[in-house]
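Positions are given from 1 along the sequence. What you see is a predicted model, and the numbers here were worked out from it, not measured in a lab.
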Amino acid sequence: MELPVVKREYQNGMYTTIPYFLSKIIAEIPYLITLPTLQLAICYFMIGLRGELMAFLTCIICCICIAWSSTGLGWFIAATTGDLRIASAVSAPIIMPFFLLGPLPKRQHHARVF
């Protein structure tokens, strides 16, 4: 949606891609911090995780880092494909190994028994 505007402004010499990209990142910072924090604040204590403040803050930091990295992966896929249909088709095979292999490095003696 914003690609034609960015191309036109870039060709007119208004700015380069670096200020555009930095402004895009700065504009998304509130969303990348507040939305994972709000979601985690609702779910954390309902799930029954540890009620300590440091554990909660560590979990918030991890969720914010996951939000940043997934946003970066989405930008990468969008920039390399250039088309919404292609990006939708390519994203599932790229993300699937993260879902399947993500829990493997977890040490089993730290797993909580229910």
Side-chain angles (χ1 to χ4, degrees):
M1 287 188 263
E2 61 194 44
L3 186 62
V5 175
V6 172
K7 280 184 178 179
R8 184 183 68 229
E9 291 175 353
Y10 177 74
Q11 290 171 352
N12 290 337
M14 296 177 118
Y15 53 83
T16 61
T17 55
I18 293 174
Y20 164 74
F21 186 68
L22 290 177
S23 66
K24 186 172 177 76
I25 290 173
I26 290 170
E28 289 189 7
I29 285 176
Y31 297 110
L32 291 175
I33 292 175
T34 56
L35 293 178
T37 303
L38 180 64
Q39 179 185 4
L40 190 64
I42 293 170
C43 296
Y44 187 83
F45 298 104
M46 291 174 67
I47 294 171
L49 299 175
R50 292 190 324 194
E52 302 168 5
L53 179 63
M54 286 307 294
F56 180 67
L57 293 177
T58 303
C59 194
I60 285 178
I61 290 171
C62 289
C63 285
I64 290 172
C65 290
I66 290 170
W68 276 87
S69 62
S70 61
T71 301
L73 181 63
W75 285 345
F76 173 74
I77 292 171
T80 54
T81 58
D83 186 21
L84 182 61
R85 289 175 291 179
I86 297 171
S88 297
V90 168
S91 63
I94 290 175
I95 294 172
M96 191 55 64
F98 294 114
F99 286 131
L100 296 176
L101 303 175
L104 290 181
K106 185 175 180 177
R107 291 177 276 181
Q108 293 301 319
H109 66 277
H110 288 294
R112 192 173 181 181
V113 179
F114 291 100

Q: Can you see which heavy atom on F98 is nearest to which on L73, and at what distance?
A: CE1-CD2, 4.1 Å

Roughly how far, to the nearest 0.5 Å, is the [atom2] atom of [Y] from the [atom1] atom of [X]?
| X | Y | atom1 | atom2 | answer |
| --- | --- | --- | --- | --- |
| S91 | I86 | OG | CD1 | 12.0 Å |
| I60 | L40 | CD1 | CG | 5.5 Å |
| T71 | I25 | OG1 | CD1 | 10.0 Å |
| S88 | I77 | OG | CD1 | 9.5 Å |
| Y44 | I47 | OH | CD1 | 9.5 Å |
| S69 | I64 | OG | CD1 | 12.0 Å |

Common cluster, [X]/[Y], ILVMFWY with side-chain heavy-atom separation under 4.5 Å:
| X | Y | answer |
| --- | --- | --- |
| L57 | M46 | no |
| L32 | L35 | no |
| I61 | I33 | no |

Qualifying salt bridge (charged side-chain N to carboxylate O under 4.0 Å, His left out) pairs, either residue in [range], two or more places apart:
| range | answer |
| --- | --- |
| residues 62-82 | none |
| residues 70-81 | none |
| residues 55-68 | none |
| residues 57-85 | D83-R85 |

[atom1] ([X]) with more than 12 external heavy atoms under 6.0 Å:
| X | atom1 | answer |
| --- | --- | --- |
| E28 | CD | yes |
| L22 | CG | yes |
| Y31 | OH | no |

**Q.** Residue pairs, two or more places apart or on separate chains, that pass ring-ring contact (aromatic ring centres under 6.0 Å, His included) and touch residues 58-83
**A.** F21-W75

(Q) Applying ring-ring contact (aromatic ring centres under 6.0 Å, His included), can you list everything that pairs with F45, at least two apart in sequence or on another chain? (A) F56

